[in-house]
Amino acid sequence: MRARIHKISKYAPSIFQGRFNFSSAQHGVSLSLEHPAESIALRVLSAALILVVCGYLYFVTASILNVIARKEALTRVALIQGTIGGSEQRYFELSKGISPESGPALGLAPIGKQAYVYRPGNIGAATIARNEI
């Protein structure tokens with residue numbers, strides 16, 4: 001009942017089987033030895049990975065902060081527009097008491113020749129686009 005142990009060396013591999021030559025590094029590539037550039041490549045790839053992750057975090061954070069700043073700016077613009085509207089309303093209420101007869105008392109003189117300025121285009125118009133992102 002003893003099994004006979006055969007020597008592996010007496011069996012030749014088939015021609016369809018590949019073969020690695022690990023006997024020396026000069027004749028082929030050895031998987032047991034480290035390539036001289038392997039440690040340098042590992043450091044470079046690690047540094048590149050860290051740089052990419054840091055860049056990703058920077059751009060995501062910058063994008064979030066820009067969205068927050070934009071919303072705050074829109075809130076401020078709305079507040080300022082409300083203040084301007086109140087000031088215009090107060091101005092119109094106060095200007096009802098002014099008439100052409102009260103002009104000389106305020107130091108105003110009648111206009112001799114009138115000239116108007118025309119600006120082509122929408123130079124003074126500013127629109128705010130909503131939900132750009």
Side-chain angles (χ1 to χ4, degrees):
M1 297 229 115
R2 248 173 122 187
R4 189 171 164 193
I5 300 174
H6 299 284
K7 288 187 176 183
I8 294 175
S9 63
K10 87 178 196 182
Y11 297 104
S14 169
I15 59 170
F16 298 112
Q17 293 176 340
R19 186 167 104 172
F20 287 115
N21 183 11
F22 293 116
S23 61
S24 70
Q26 295 174 355
H27 295 291
V29 176
S30 175
L31 297 177
S32 62
L33 297 176
E34 182 182 29
H35 192 271
E38 188 174 336
S39 63
I40 296 170
L42 181 65
R43 287 182 190 149
V44 168
L45 291 175
S46 298
L49 179 66
I50 290 170
L51 186 67
V52 166
V53 168
C54 289
Y56 174 77
L57 290 176
Y58 169 76
F59 287 118
V60 167
T61 305
S63 175
I64 290 170
L65 291 177
N66 283 336
V67 169
I68 292 170
R70 182 177 177 272
K71 287 185 179 182
E72 288 178 359
L74 290 175
T75 304
R76 282 182 160 172
V77 165
L79 180 68
I80 291 171
Q81 285 178 347
T83 306
I84 290 173
S87 297
E88 286 177 346
Q89 184 179 7
R90 185 169 174 252
Y91 168 76
F92 289 132
E93 287 175 3
L94 293 174
S95 67
K96 287 181 184 176
I98 299 176
S99 64
E101 290 80 26
S102 62
L106 296 173
L108 300 175
I111 299 174
K113 183 179 178 184
Q114 297 177 352
Y116 296 99
V117 176
Y118 172 72
R119 283 194 272 178
N122 293 331
I123 295 173
T127 59
I128 299 172
R130 301 285 180 187
N131 297 326
E132 295 173 346
I133 297 178

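Hydrogens, waters and symmetry mates play no part in the numbers below; they use all other heavy atoms, side chains included.
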Task: Path from Ile64 to Val53 over hydrophobic side-chain contacts below 4.5 Å - done: yes
TODO: Please name the residue in the list Val52, Leu57, Ile50, Leu51 that meets the side chain to side chain contact (heavy atoms under 4.5 Å, CB included) test with Cys54.
DONE: Ile50
Task: Approximate separation, where rounding is to 0.5 Å, of Ile40 CD1 and Leu45 CG - done: 12.0 Å
Task: Check: Ser63 side chain, Phe59 main-chain N or O, donor-acceptor pair, under 3.5 Å - done: no
Open item on the list: Counting C-beta onward and ignoring hydrogens, is there a side-chain heavy-atom pair between Glu38 and Leu42 closer than 4.5 Å?
Closed with: no
Task: Identified side chain to side chain contact (heavy atoms under 4.5 Å, CB included) partner of Lys71 from the options Val67, Ile68, Leu74 - done: Val67
Open item on the list: Is the shortest side-chain heavy-atom distance between Arg70 and Asn66 below 4.5 Å?
Closed with: no
